[in-house]
Number of protein chains: 2
Amino acid sequence: MPSRLSLRHSIASGLRRRVAAGDLAPGERLPSEPQLAKTLGVSRSSLRAAIALLEEDGLVQRLHGSGTYVTHRPVMRNDLSRNFGVSSMIASMGLEAGTVDEHCGLEPAPALVAEALELEAGEPVTALRRVRTADDRRVVYSVDWCRRDVLSPERMRDLGDGSVYDALADLDLPVHHGVATISPGMAGGEVAERLDVPRGSLLLTLFQVDSTADGHVVLVSEEHHLADAFEVTVYRRGPGEGSEQV
Amino acid sequence: MPSRLSLRHSIASGLRRRVAAGDLAPGERLPSEPQLAKTLGVSRSSLRAAIALLEEDGLVQRLHGSGTYVTHRPVMRNDLSRNFGVSSMIASMGLEAGTVDEHCGLEPAPALVAEALELEAGEPVTALRRVRTADDRRVVYSVDWCRRDVLSPERMRDLGDGSVYDALADLDLPVHHGVATISPGMAGGEVAERLDVPRGSLLLTLFQVDSTADGHVVLVSEEHHLADAFEVTVYRRGPGEGSEQV
DNA sequence: GCCTCCAAGTTGTACGACAACTTCGCTATG
DNA sequence: CATAGCGAAGTTGTCGTACAACTTGGAGGC
């Protein structure tokens with residue numbers, strides 16, 4: 001296991017902190033690369049690689065011959081571009097995240113889930129159903145599906161407050177990326193009851209398929225968010241540069 | 001104006017093409033960096049910078065001491081992570097995109113729009129309202145707001161089928177990124193009428209703020225999508241690495 | 001058969017040099 | 001005095017080489 005993350009990532013992480021802390025204000029120019037590399041005690045190559053990461057994130061902008069400037073970054077509440085899970089989503093809004101009505105067991109896999117996990121429809125899979133709360137208010141009803149030979153119901157039950165992502169990372173199956181399908185919806189019988197809202201309440205539903213770096217699907221989940229629970233945002237990179245519509 | 005895009009971006013673009021074309025199959029290992037650099041006629045530094053871009057996109061994965069491998073990338077219908085506009089969204093599904101009920105003029109800016117454009121609420125702004133069709137079916141009702149001193153109503157009317165993004169790019173104000181807020185909704189009076197659907201029909205609404213590279217907001221838009229019109233997906237990078245929740 | 005170790009190959013980092021570009025002050029010119 | 005042009009200094013972009021860190025596979029010994 002690599003365990004130690006690469007130098008450029010730790011440099012980038014440090015710079016991110018400085019930007020977030022306001023040490024580097026928006027619009028401000030960073031020290032020149034040779035100088036900054038010297039003060040950080042790294043080579044200019046590694047520093048450039050780190051800055052490239054920030055640039056890709058839209059945190060800074062590089063101008064040839066002029067300098068590197070901190071971008072006026074918009075305030076984003078909950079960026080879907082990164083994968084954090086509901087808990088940190090709630091925590092990031094200053095609310096206390098909790099879990100109620102947790103239930104875990106073997107269930108026959110729905111068609112879409114089975115397809116993603118490369119199983120036959122109806123085959124038993126580990127399913128974790130729970131209601132997430134923010135300051136004791138029920139805001140999200142979620143279901144996580146996982147192959148039983150990857151995460152048994154017992155093991156999934158044991159993780160308690162730990163994220164499913166952490167459990168998978170411990171198994172050397174870290175989630176590298178996921179694809180979420182977003183759709184509006186109205187609370188039906190089960191969801192309305194779990195979330196304790198009237199039927200027909202507006203929902204934002206995320207159907208998500210998570211994969212490891214080598215492309216194996218390890219987790220499928222469905223999250224029903226109350227419409228007014230949080231603001232969900234997405235960072236969209238502009239057209240141009242490397243963009244191919246598939 | 002830079003006009004010419006940097007070397008590493010053109011290298012990355014070429015590699016993206018090769019991946020998309022299947023020349024480089026998922027799971028396959030790329031040639032080693034020195035060798036690939038030689039065949040492409042560029043230095044290893046530039047090639048590495050280009051590969052870093054692909055890695056950030058999740059297209060490839062680098063393993064220290066082993067090699068660089070093409071990721072098994074999931075098939076995505078409409079990736080919100082990139083900014084294409086409704087037209088190409090429709091076109092990418094094999095449908096014919098059209099526009100009806102187009103109206104453009106000066107309107108008082110709503111509060112949220114005025115705030116984003118750094119104006120006083122109620123100040124007149126250029127507004128473009130239109131209904132987008134897919135194979136003659138009304139699927140999206142959209143409104144675009146822009147400062148009148150940036151894009152006059154006349155000019156915005158003239159662009160016809162051209163994208164608003166193109167018009168802004170011509171003005172040397174290319175959209176670098178945007179932040180979209182996603183929410184579910186039900187069709188009210190105006191939207192229901194425009195889209196020719198019953199009131200209360202399910203919608204997916206995107207409120208989006210587009211900015212230039214230096215962070216100036218140049219465009220605000222609202223898109224009301226019919227719930228069953230298309231599947232909207234988001235590519236979410238996994239937890240870990242450089243991630244700070246703000 | 002199994003384990004150890006080594007060698008070859010690959011990516012990560014470092015350092016130095018120069019090219020391409022921007023910025024700004026200085027100067028010559030009207 | 002105003003202005004256009006020049007040029008030096010500073011910054012990012014690219015190049016080349018060398019070495020470190022790591023993985024992989026096979027040879028060799030037990």
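In what follows, chains are A, B, ... by sequence order, proteins preceding strands, each numbered from 1.
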Whole-Å distance separating the [atom1] atom of [X] from the [atom2] atom of [N]:
X	N	atom1	atom2	result
B/Arg62	C/dT13	CZ	C1'	12 Å
B/Tyr69	C/dT11	OH	P	8 Å
A/Leu63	C/dA20	CG	P	19 Å
A/Gln35	D/dT12	CD	P	10 Å
A/Leu53	C/dG12	CG	P	12 Å
A/Leu30	C/dT22	CG	P	19 Å
A/Leu7	D/dA20	CG	C1'	13 Å
A/Leu47	D/dT11	CG	P	13 Å

Exercise. Test the B/Arg82-B/Tyr235 pair against the cation-pi criterion, namely NZ or CZ under 6.0 angstrom from the six-membered ring centroid and within 45° of the ring axis.
Key: no
Can a side chain N or O of [X] be found less than 4.0 Å away from OP1 or OP2 on [N]?
X	N	value
A/Ser43	C/dA14	yes
A/Arg48	D/dT12	no
A/Arg29	D/dT11	yes
B/Thr68	C/dT11	yes

Exercise. Look at the side chain of B/Arg44 and decide which nucleotide, out of D/dC15, D/dT12, C/dG12, has an atom nearest to it.
Key: C/dG12
Please work out if [X] contacts a base, only the sugar-phosphate, or nothing of the nucleic acid, heavy-atom cut-off 4.0 Å.
X	result
B/Ser46	sugar-phosphate
B/Ser45	base
B/Arg8	sugar-phosphate

Self-check item: nucleotides 3-8 of chain C: protein proximity per nucleotide (B base, S sugar-phosphate only, - neither; heavy atom, under 4.0 Å)
Solution: ------
Self-check item: 5′-ward residue of the pair A/Gly65/A/Ile11 relative to DNA chain C
Solution: A/Ile11
